[in-house]
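As the structure is a prediction and not an experimental result, all values here were calculated from the model. Computed from heavy atoms alone, side chains included, the values below leave out hydrogens, waters and symmetry copies.
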Amino acid sequence: MENVVFTNLSIPEIRQLFRQELETYFETNKQPEQPTTDQPEQLLTIQEAAEFLSLTVATLYSKVSKGELPVMKRSKRLYFSRTELLDYLKAGRTKSNAEIEQEAKAYLLNNKKGLNNGK
């Protein structure tokens with residue numbers, strides 16, 4: 001970084017230089033724009049949800065009646081939240097053997113005292 005001495009410049013001139021340097025800095029270090037999260041939640045009809053989940057409409061009705069799927073009902077129509085359906089799919093994720101072993105080791109380490117009490 002350079003050391004600059006402003007001896008012959010007025011305060012407005014120094015301010016102008018400072019503004020120019022700030023503009024240059026922000027232009028060169030501009031962050032990519034993030035997608036806005038203010039978008040309303042996307043709702044799907046029964047047909048769209050069936051297509052999204054790769055299920056038939058009849059299967060979807062069955063899952064709704066069993067309470068397996070998150071659903072919103074307005075009059076006689078069913079609506080599904082895209083994000084809630086994604087969460088539903090993620091909840092059914094099967095853990096890998098490595099994840100199961102790691103959880104088992106953590107459980108045994110945390111409950112070691114309980115194992116010694118049963119001598």
**Request:** Any chance you could measure L60, atom CG, to I46, atom CD1, to the nearest 0.5 Å?
**Result:** 4.0 Å
**Partner residues of Q42 under the side-chain contact (heavy atoms from CB on, under 4.5 Å) criterion, sequence neighbours left out** = L44, R82
Sequence neighbours left out, cut at 3.5 Å: what donor-acceptor pairs do the side chains of residues 15-23 make with other protein atoms?
none

**Item:** Pairs flagged by side chain to side chain donor-acceptor pair (under 3.5 Å) wherever residues 60-69 is involved - sequence neighbours left out
**Value:** K63-E68
**Asked** When clusters are formed by joining ILVMFWY residues with side-chain heavy atoms under 4.5 Å apart, either directly or through shared neighbours, do M72 and L86 land in the same one?
**Response** no
**Request:** Could you state whether V57 and L85 fall into the same hydrophobic cluster, counting links through intermediate Ile, Leu, Val, Met, Phe, Trp or Tyr residues with side-chain heavy atoms under 4.5 angstrom apart?
**Result:** yes
**Item:** Worked verdict on Y79 versus K73 for side-chain contact (heavy atoms from CB on, under 4.5 Å)
**Value:** CA-CA 6 Å; Y79 298 97; K73 186 173 181 181; over 6 Å; no
**Request:** Would you please name every residue forming a salt bridge (charged side-chain N to carboxylate O under 4.0 Å, His left out) with E84, sequence neighbours left out?
**Result:** none
**Request:** Could I get the full list of salt bridge (charged side-chain N to carboxylate O under 4.0 Å, His left out) partners for E48, not counting sequence neighbours?
**Result:** none
**Fill in**
Grouping ILVMFWY residues whenever side-chain heavy atoms fall under 4.5 Å, the cluster of I100 otherwise contains none
**Message:** Restricting to side-chain contact (heavy atoms from CB on, under 4.5 Å), what partner residues turn up for V71, sequence neighbours left out?
**Reply:** V64, L78, F80
**Asked** Taking only residues two or more places apart in sequence or in another chain, which ones pass side-chain contact (heavy atoms from CB on, under 4.5 Å) with T28?
**Response** none
**Asked** S81 and L43: which non-hydrogen atoms are nearest, and at how many Å?
**Response** CA-CD2, 4.1 Å
**Complete:** Sorted by chain and residue number, the side-chain hydrogen bond (donor to acceptor under 3.5 Å, both in side chains) partners of E13 (sequence neighbours excluded) come out as S10
**Item:** By salt bridge (charged side-chain N to carboxylate O under 4.0 Å, His left out) - contacts of K76 (at least two apart)
**Value:** none
**Prompt:** Side-chain heavy atoms under 4.5 angstrom apart, residues restricted to Ile, Leu, Val, Met, Phe, Trp, Tyr: same cluster for L69 and L89?
**Reply:** yes
**Prompt:** Who passes side-chain contact (heavy atoms from CB on, under 4.5 Å) against E51, sequence neighbours left out?
**Reply:** none
**Prompt:** In chain order, what residues pass the salt bridge (charged side-chain N to carboxylate O under 4.0 Å, His left out) check against E99, with sequence neighbours excluded?
**Reply:** R93
